[in-house]
Amino acid sequence: MNQKVSSRIASLAVSQTLAMAQKSRELQAQGIDVINLSVGEPDFPTPDHIKEAAKKAIDNNFSYYSPVPGYKDLRDAISAKFKRENNLDFTPEQIVVSCGAKHSIANVLACVVDKDDEVIIPAPFWVSYIEMVKLADGKSVIIDAGIDQDFKVTPQQLEAAITPKTRAFLFSSPSNPTGSLYSREELKALADVFAKHENIIIISDEIYEHINYVGKHESIAQFENLKDRVVVVNGVSKGYAMTGWRIGYIGAPLWISKACEKLQGQVTSGVCSIAQKASVAALNESLAPTLEMKKAFLRRRNLVLEKARQIKGMKANEPGGAFYVFPDISSFFGKSDGSMVINNCDDMSLYLLKEAFVATVAGSAFGDNNCIRFSYATSDEILEKAMDRIKAALEKLK
Ligand code: PMP
Ligand code: GLU
């Protein structure tokens, strides 16, 4: 039997965030006290009123195939959310609900990118972006934005990266892995560059919208000069502690939402009916539980940041959102604890797992080889313990 997988899949990288999470689960199952700061997901339970809505949906027999783009009441709730929270106008027909924002992004790329089309992605980027572009037969064009520019690209860098083959721009703000946020002015400056290039679609991943410690969420879709070419990606995973429910969505120009609906009609059909009904409750009802979670995330960010800054050689920016700290650890490169030399961020991630029993994700997964990512979506006690262990392990490096 020829067991060769397709070259499409053979060339695909494994998701490093999920791989590290799996590795730490395996070590924990062996009885090893590993602290998992790898995967980014809220540690809180889904709020009760959302769970109740799901239970009711089961009792009310929402057990049949749902419409491919999502139930109308959910798309109405999303449309109202866009208006209420972002002042954006997306009709229910411009909205497609998918199996998480991850699926939404993959759908959009599959629908707009042709072979060898270029997709500009600022680095650090979320791990799955470039692999999804690959699956769509496109070419990622990376713009590097290091810690000194708070991991954000400038309009000049953007302009220089645009070519006649550029089809899309894909980014997240608040960002995973850096937690950086583009201000309204910074987004406006990028929008003004795009305004000069009318065939570029902007895919704006706003999944961390509600975990923002700085102020109001700003979307690049707000600018008139980009009308009808921004796809806003969002979902309930992060803001409502619903990662396992798998609900993400887009608000998009009609031609893109229709294309995604067509694709989804052949590949997945409408997503889980019960999770959709739970998401209606999430979006239509109070944001109070979200705000409570945000408070806890802010406290934890401060805790991790304070501890990180006490570690000699670790350089960390203050992330304005999401639940990650992404410190630069390059000053440790070339150092050793006597048995292992740290040559790069992958070595550092491995060293911290072996020596401190803390699972992290190397910056290389996100296109930044100088950094390492800590997810602080876990309890204060665990974070304190993790940071103390990291400090002790790094102090051994000479
Ligand atoms: N975008 C970013 C930046 C993320 O961090 C995540 C988290 N996995 C996603 C999209 C996908 O989220 P989900 O599929 O759970 O909605
Ligand atoms: N967004 C999370 C992370 O980056 C979840 C894992 C994933 O889907 O990649 O850790």
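Numbering of ligands and ligand atoms starts at 1, following listing order. Counting begins at 1 with the first residue of the sequence.
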Fill in the blank from the handout: So for Phe323 against ligand 2, with non-hydrogen atoms under 4.0 Å, the contacting part is neither

Practice task
Answer side chain, backbone, both or neither: which part of Thr243 comes under 4.0 Å from ligand 2, heavy atoms only.
Solution key: neither

Problem - Stacked cation flag Lys238 on Tyr208, 6.0 angstrom / 45 deg - result: no

Problem - Per-atom contacts of ligand 2 with Tyr208, taking only distances under 4.0 Å to non-hydrogen atoms - result: 1 (N)

Handout entry: Any Lys102 heavy atom less than 4.0 Å to ligand 2
Key = yes

Exercise for the section: Heavy-atom contacts with Ser237 under 4.0 Å: which atoms of ligand 1 show up? List them by number with element. Expected result: 13 (P), 15 (O), 16 (O)

Completion exercise
So the atoms of ligand 1 within less than 4.0 Å of a heavy atom of Asn176 turn out to be 3 (C), 4 (C), 5 (O)

Exercise for the section: Test Asp117 against Lys139 for salt bridge (Lys or Arg N to Asp or Glu O under 4.0 Å), laying out the working first. Expected result: CA-CA 6 Å; Asp117 278 353; Lys139 258 182 66 184; over 6 Å; no

Completion exercise
Quick look: Gln16 vs ligand 2, heavy-atom contacts under 4.0 Å, and the answer is neither

Problem - Top protein contact for atom 1 (N) of ligand 2, by heavy-atom distance - result: Lys238 NZ, 3.0 Å

Problem - Between Tyr64 and Phe62, ring centroids under 6.0 Å - result: no

Problem - Pairing of Lys396 and Glu355 as salt bridge, 4.0 angstrom limit - result: yes

Problem - Flag, side chain of Glu218 to backbone of Tyr182, donor-acceptor distance under 3.5 Å - result: no

Practice task
Determine, for Arg301 against Glu318, whether the closest basic-nitrogen to carboxylate-oxygen distance falls under 4.0 angstrom.
Solution key: yes

Handout entry: ligand 2 contact by Phe366, heavy-atom criterion under 4.0 angstrom
Key = no

Problem - CA sep, side-chain torsions, deciding dist, call: Glu85, His217, side-chain hydrogen bond (donor to acceptor under 3.5 Å, both in side chains) - result: CA-CA 8 Å; Glu85 295 183 353; His217 175 71; over 6 Å; no

Exercise for the section: Please check if any side-chain donor atom of Asn344 sits under 3.5 Å from a side-chain acceptor atom of Asn369, or the reverse. Expected result: no

Problem - Nitrogen or oxygen atoms of Gly40 and ligand 2 under 3.5 Å apart - result: yes

Practice task
Examine the proximity of ligand 2 to Asn176 and report which part, side chain or backbone, both or neither, has a heavy atom under 4.0 Å away.
Solution key: side chain

Handout entry: side chain to side chain contact (heavy atoms under 4.5 Å, CB included) partner of Ile372, chosen from Val361, Leu352, Leu37
Key = Leu352

Exercise for the section: Using a strict 4.0 Å threshold on nitrogen-to-oxygen distance, state whether Lys72 and Asp76 make a salt bridge. Expected result: yes

Exercise for the section: Quick one: look at Thr17 and ligand 2, take heavy-atom pairs under 4.0 Å, and tell me if it's side chain, backbone, both or neither. Expected result: side chain

Exercise for the section: For atom 6 (C) of ligand 1, grab the closest protein heavy atom and report residue, atom and distance to one decimal in Å. Expected result: Trp126 CZ2, 3.6 Å

Handout entry: Shortest protein heavy-atom distance from atom 7 (C) of ligand 1, along with the residue and atom involved
Key = Lys238 NZ, 2.7 Å

Handout entry: Charged N-O contact under 4.0 Å between Lys391 and Glu395
Key = yes

Handout entry: Geometric N/O contact Ala101 with ligand 1, under 3.5 angstrom
Key = yes

Handout entry: Numbering as shown, the atoms of ligand 2 that approach Leu18 to under 4.0 Å (heavy-atom distance)
Key = 6 (C), 7 (C)

Practice task
Could you tell me whether some N/O pair between Ser128 and ligand 2 is separated by less than 3.5 angstrom?
Solution key: no

Exercise for the section: Answer with yes or no whether Gly100 contacts ligand 1, where contact means a heavy atom under 4.0 Å from a ligand atom. Expected result: yes

Practice task
Check ligand 1 against Arg246 and write out every atom of the ligand that is under 4.0 Å from a heavy-atom position of the residue.
Solution key: 13 (P), 14 (O), 15 (O)

Practice task
Look at atom 2 (C) of ligand 1 and say which protein heavy atom is nearest, naming residue and atom and giving the distance to 0.1 Å.
Solution key: Asp205 OD2, 3.3 Å

Handout entry: Ion pair Arg8/Asp137, N-O distance below 4.0 Å
Key = no

Handout entry: Interfacing atoms of ligand 2 (cut-off 4.0 Å, heavy-atom, Val39)
Key = 5 (C), 6 (C), 10 (O)

Practice task
With Arg373 as reference, evaluate Thr178, Asp368, Asn176, Thr360 under the side chain to side chain donor-acceptor pair (under 3.5 Å) test and give the passing residue.
Solution key: Asn176

Handout entry: N or O contact, Tyr208 vs ligand 1, cut-off under 3.5 Å
Key = yes

